[in-house]
Amino acid sequence: MKTYECVIIGAGVAGMTAAIYLKRAGISVLLLEKGVPGGQINKTSIIENYPGFKKIDGPTLAMNMLDQVQSLDIPYQYGNVLSIEVDGDHKIIKTDMETIMTSRIILASGRKPRELGLSNEKKLLGSGISYCAYCDGMLYKNQDVVVIGGGNSALEEALYLADICKTVYIVHRRLEYRADDILVKKIEKYDNIKPCLGQNVIEILEKDNRVSGVRLSDNSILPVTGVFIYIGQIPETSFIEDLITLKDGYVMTNEHLETNIPGIYACGDVIKKELYQISTAIGEGALAGTNVVKSLK
């Protein structure tokens with residue numbers, strides 16, 4: 001059984017930051033990740049509010065961070081965590097690949113996209129439905145698509161798609177966007193972005209097992225071939241539901257970012273907080289890593 005002083009579950013920006021602080025302090029640390037290093041920022045086309053970069057795309061920022069992690073020889077490996085067992089100072093992490101022992105854990109598992117909950121949504125994933133415009137946008141070049149959502153992420157991806165697609169509809173259930181004013185003003189400058197405010201998507205239409213349109217709550221139909229969903233995120237906490245105190249699915253922590261279980265910390269988008277941004281996740285990763293170092297030394 002592999003043993004480390006600290007195991008970080010999740011290699012998003014918070015997890016990688018914590019790993020850097022731990023390694024530099026001489027702590028043996030392992031990064032576990034079931035997806036792509038960088039987490040959700042890999043699905044972000046343009047980042048313009050992270051200090052030090054006037055503009056950078058998410059995958060590039062993620063790879064820059066991973067390069068720094070690898071330059072420090074921090075062990076990084078795939079692992080889908082199934083459960084965590086606690087026996088005093090010993091924590092046993094069971095993944096779909098192996099069992100790992102550690103004395104400290106940092107939960108940095110982040111969030112995943114919220115689904116619409118429509119009957120054929122899962123079936124059509126990859127056949128017209130996407131949660132990542134940056135990943136799949138070019139598949140819909142010169143076609144009509146719809147972005148569902150009205151927050152920053154939805155508008156950012158609508159702007160990205162507007163340079164690729166013929167028409168980009170934005171369907172939002174409110175009469176006003178819930179995004180930064182600078183993004184709203186940018187949206188208004190595009191002739192091929194068509195807002196559909198005060199509407200919900202109630203049905204995804206399909207033909208030959210591919211998206212052929214969406215039906216809105218006023219019964220109108222948008223004839224689109226692509227549906228990009230940005231209606232929020234939900235925390236990745238299914239593997240700790242019976243162990244860690246949660247609120248609305250998010251991990252609750254104290255001022256040291258420690259959970260109700262001594263020796264288990266959390267940071268990034270998986271914790272309950274006011275602001276979910278790259279900058280806050282990095283700060284929390286640094287704080288969690290520093291507090292683990294203090295607890296061990």
Side-chain angles (χ1 to χ4, degrees), residues 40-49 54-60 111-233:
Q40 288 297 308
I41 68 169
N42 285 292
K43 299 180 179 181
T44 303
S45 56
I46 297 295
I47 297 167
E48 295 180 313
N49 61 353
K54 290 182 179 179
K55 181 182 292 187
I56 189 171
D57 63 86
T60 298
R111 302 187 293 178
K112 61 183 178 181
R114 186 184 300 277
E115 299 177 356
L116 288 171
L118 298 177
S119 60
N120 55 350
E121 184 175 354
K122 286 184 171 65
K123 169 190 170 185
L124 293 173
L125 182 62
S127 297
I129 289 183
S130 173
Y131 301 93
C132 178
Y134 191 70
C135 310
D136 303 325
M138 289 304 297
L139 298 174
Y140 303 91
K141 187 175 182 179
N142 298 323
Q143 299 178 42
D144 297 328
V145 301
V146 60
V147 172
I148 304 174
N152 284 342
S153 294
L155 268 60
E156 286 168 353
E157 302 316 297
L159 288 167
Y160 172 76
L161 290 167
D163 291 327
I164 299 171
C165 303
K166 180 182 177 182
T167 306
V168 179
Y169 298 97
I170 301 179
V171 175
H172 181 43
R173 61 192 178 94
R174 299 176 184 269
L175 293 174
E176 294 182 350
Y177 296 117
R178 302 185 66 185
D180 293 340
D181 188 58
I182 190 172
L183 291 173
V184 175
K185 289 180 178 178
K186 286 183 178 180
I187 287 288
E188 293 171 348
K189 294 178 180 179
Y190 279 78
D191 293 333
N192 65 331
I193 295 180
K194 310 294 184 184
C196 300
L197 302 180
Q199 297 285 341
N200 287 310
V201 172
I202 61 172
E203 183 182 2
I204 300 172
L205 308 176
E206 59 178 291
K207 182 179 180 180
D208 299 327
N209 293 317
R210 290 199 62 86
V211 168
S212 62
V214 297
R215 186 185 303 277
L216 304 184
S217 47
D218 65 357
N219 213 36
S220 62
I221 293 175
L222 302 179
V224 297
T225 55
V227 178
F228 294 87
I229 302 170
Y230 292 92
I231 57 171
Q233 306 277 330

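Here the structure is a predicted model, which means the values were calculated and not measured. Just so you know, residue 1 is the first one in the sequence shown, and it goes up from there.
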query: Can you list the residues that meet the side chain to side chain donor-acceptor pair (under 3.5 Å) rule with Tyr160, with sequence neighbours excluded?
result: none
Min side-chain heavy-atom separation Tyr131-Leu125 under 4.5 Å: yes
message: Main chain of Gly58, side chain of Thr44: is a donor-acceptor contact present, judged purely on distance under 3.5 Å?
response: no
- request: Can you tell me which residue pairs pass the side chain to side chain donor-acceptor pair (under 3.5 Å) test with a partner in residues 170-180, sequence neighbours excluded?
  value: Asn152-Asp180
- prompt: Does Thr60 offer a backbone N or O that forms a donor-acceptor pair with the side chain of Asp57 under 3.5 Å?
  reply: yes
message: Is it the case that over 12 heavy atoms from other parts of the model lie below 6.0 angstrom from the CG atom of Asp191?
response: no
query: If you measure from CG on Leu197 to CD1 on Ile170, what distance do you get to the nearest 0.5 Å?
result: 8.0 Å
- prompt: Tell me, do Gln40 and Pro113 make a side-chain contact under 4.5 Å, heavy atoms counted?
  reply: yes
- prompt: Are the side chain of Asp218 and the backbone N or O of Gln199 linked by a donor-acceptor pair below 3.5 Å?
  reply: no
query: With sequence neighbours excluded, what pairs up with Asn42 under the side chain to side chain donor-acceptor pair (under 3.5 Å) test?
result: none
Salt bridge Lys43-Glu157, side-chain N to carboxylate O under 4.0 Å: no
field: Heavy-atom neighbours of Ile221 CD1 exceed 12 at 6.0 Å
entry: yes
message: Just to verify, what does Arg215 make a side chain to side chain donor-acceptor pair (under 3.5 Å) with, not counting sequence neighbours?
response: Glu203, Asn219
- line: From the list Asn200, Ile148, Val214, side-chain contact (heavy atoms from CB on, under 4.5 Å) with Leu116 holds only for Ile148
- request: Kindly write out the residues that satisfy side chain to side chain donor-acceptor pair (under 3.5 Å) with Gln233, not counting sequence neighbours, or none if the list is empty.
  value: none
statement: Sorted by chain and number, sequence neighbours left out, ring pair (Phe, Tyr, Trp, His ring centres under 6.0 Å) with Tyr169 holds for none
message: Using modelled atom types and a 3.5 Å cut-off, is there a donor and acceptor pairing between side-chain atoms of Asn209 and backbone atoms of Ser127?
response: no
